[in-house]
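The figures that follow rest on heavy atoms only: side chains count, while hydrogens, waters and symmetry mates do not. Ligands are counted one by one from 1 in listed order, and the atoms in each one are counted from 1 as well.
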Amino acid sequence: MIKGTIEQIKHIKNKLGDRVIIPAHHYQVPQIVALADFVGDSYKLALECSRTDSEFIIFCGVNFMAEVANILGKPHQKVLIPDISSGCPLADTIDGETVARVYKKISSLCERQVMPVVYINSSAEVKSFCGEKGGSVCTSSNAAKITEHFLDKGKAVFFSPDFNLGINTARKLQISDEKIVNVKRDSKLETTGNIKSGTLFIWDGSCYVHKEFTLADVESLRGKYPDINIIVHPECDEDVVNLADISSSTQKIYDEIKKAPSGSIWGVGTEYHFVERITREFSDRQIMPLRKSICVDMAKISPNRLLDSLVSVSNYLETKGTLKYEIKVPESFKENAALALKKMIQIVED
Ligand code: 13P
Ligand code: SF4
């Protein structure tokens, strides 16, 4: 059944040629990664999508990533996602109304001008608010650089939605504890710390996949393999990141292990489908997951779903009927969300 599906995907993809492109995030299941035109972390995917001229982008990832491809896309391009229900619970911890409410509260009390920095794992509406206020999007590969950009200008930063990426970034930048304020996700939006003198305000959203990794996981692998290199994603808890040798985006995890010598030993703290795939790809290194933690939303994109999306493009080109699986960011959010995304690209690429 799956074999027939894969052959059909290849056949339609061949027929459509350059008109269609398939980007995939590193967490996609191996069958999808094998069919993708390019694979990457959120930053690499956003950049590559902004550079392609293909008419149809079938994005294999979660919906905020497909939204980014649409926001940065050219007017003639259409973006599809094989399963629109493929969301990100972390992104859902803050919406446009809440980010504006918290920002207003912080801005009214803080002695510095506050700039929003929003993790790419957020809705188009939240990115739009960020762009409207002159802030920037960030990803796990550049959160420190983006945050520092504003702090160096004497601004305070409101970082959302991932608390762990925020606090791990604060540690990297050596921001002292008195300057860090945690904004609680309760109805009253309580904060810890002094808002007036704060420089980094962090929303307390989290990713359930990365919250699973514990200190005990790291210690247990270190106990068994004294020469092990522990590499984790910065969405992991602070104590896990502190005990690891490297914390980085999925692309950097991939690159680090790729350049590592044969025989080296690795413990990896991120999504399991990705760890399983690199274990097979780099079979001469010893690679182990800290534990098997799966992002169920990423796993919703199956070969059957991808085939349906390709069939939808093919039918659309023949009949000009409805294009199923298209993702369209409301025009009202597009312009400002694009500003926040382009700001990130400008800071990183300069
Ligand atoms: P990366 O940008 O590192 O690929 O991370 C995206 C993500 O969703 C991690 O959970
Ligand atoms: Fe969202 Fe976590 Fe899945 Fe990444 S791993 S897409 S942050 S739920």
Side-chain angles (χ1 to χ4, degrees), residues 23-29 32-33 36 38-49 59-69 72 81-94 117-123 126-127 136-146 159-166 168-169 172 203-213 231-237 240-241 244 246-257 268-278 289-301 341 344-345 348:
H25 185 264
H26 274 302
Y27 293 165
Q28 289 291 291
V29 295
I32 295 290
V33 169
F38 53 89
V39 182
D41 62 9
S42 311
Y43 184 75
K44 183 176 165 190
L45 291 171
L47 199 63
E48 299 265 337
C49 285
F59 203 108
C60 295
V62 289
N63 57 30
F64 74 79
M65 296 178 177
E67 283 185 349
V68 167
L72 293 175
I81 182 157
D83 189 331
I84 188 65
S85 75
S86 173
C88 170
L90 163 63
D92 295 341
T93 63
I94 196 159
V117 170
V118 303
Y119 190 26
I120 199 161
N121 298 43
S122 56
S123 68
V126 170
K127 291 184 181 81
S136 173
V137 168
C138 75
T139 71
S140 61
S141 66
N142 56 40
K145 190 166 189 181
I146 304 290
F159 191 100
S160 69
D162 190 40
F163 180 79
N164 280 350
L165 182 61
N168 290 322
T169 299
K172 225 181 206 175
W203 182 248
D204 73 347
S206 62
C207 160
Y208 70 94
V209 179
H210 291 89
K211 285 299 276 183
E212 281 214 14
F213 303 111
I231 189 161
V232 301
H233 196 275
E235 285 174 18
C236 291
D237 284 346
V240 172
V241 169
I246 309 171
S247 117
S248 68
S249 79
T250 55
Q251 186 60 46
K252 185 149 183 258
I253 294 176
Y254 182 89
D255 293 341
E256 286 288 335
I257 295 180
V268 187
T270 194
E271 208 275 338
Y272 181 62
H273 286 116
F274 170 59
V275 185
E276 192 190 22
R277 175 167 60 85
I278 57 176
L290 287 195
R291 69 167 63 216
K292 294 181 183 177
S293 185
I294 285 174
C295 176
V296 292
D297 283 280
M298 286 280 183
K300 284 179 181 170
I301 312 289
L341 282 159
M344 165 181 73
I345 295 173
V348 173

Once rounded to the nearest 0.5 Å, what's the spacing between atom CD1 of I81 and atom OG of S86? 5.0 Å
Close-contact set for ligand 1 against H233 heavy atoms, below 4.0 Å: 1 (P), 3 (O), 5 (O), 9 (C)
In terms of atom number and element, which parts of ligand 2 are under 4.0 angstrom from non-hydrogen atoms of P89? 8 (S)
T270-Y27 side chain donor-acceptor pair, cut-off 3.5 Å: yes
If you take the nearest heavy atom of each of I253, D297, L165, T250, which one is closest to atom 4 (O) of ligand 1? T250
Determine, considering heavy atoms only, which of T270, N121, V209 sits nearest to atom 4 (Fe) of ligand 2. N121
So, applying side-chain contact (heavy atoms from CB on, under 4.5 Å) with Y43, which one of I120, T139, T250 is it? T139
Can Y119 and E235 be counted as having a side-chain donor-acceptor contact under 3.5 angstrom? yes
Check each heavy atom of N121 against ligand 1 and say whether those closer than 4.0 Å belong to the side chain, the backbone, both or neither. side chain
Is Q251 touching ligand 1 with its side chain, its backbone, both, or neither, if touching means heavy atoms under 4.0 Å apart? neither
With heavy atoms and a 4.0 Å threshold, my read on which part of E235 contacts ligand 2 is side chain
Look at the rings of H210 and H233 and say which category their plane angle falls in: under 30° parallel, 30 to 60° tilted, over 60° perpendicular. tilted
Is any side-chain N of the basic residue among D255 and K252 closer than 4.0 Å to the acidic one's carboxylate O? no
Could you check whether any heavy atom of H26 sits closer than 4.0 Å to an atom of ligand 1, since that is the contact criterion I want to use? no
Rounded to the nearest 0.5 Å, the CG atom of L72 sits from the CG atom of L341 at a distance of 5.0 Å
Please list, in number order, the atoms of ligand 2 under 4.0 Å from a heavy atom of C207. 2 (Fe), 5 (S), 7 (S)
For ligand 1, which atoms sit closer than 4.0 Å to a heavy atom of S42? 1 (P), 2 (O), 4 (O), 5 (O), 6 (C)
Sub-4.0 Å atoms of ligand 1 with respect to non-hydrogen atoms of S140: 1 (P), 2 (O), 3 (O)
Is the number of heavy atoms from other residues, nucleotides or ligands within 6.0 Å of NZ (K300) greater than 12? yes
Element-labelled atoms of ligand 1 that are located less than 4.0 Å from some non-hydrogen atom of S249: 3 (O)
Whether H210 lies under 4.0 Å from ligand 1, heavy atom: yes
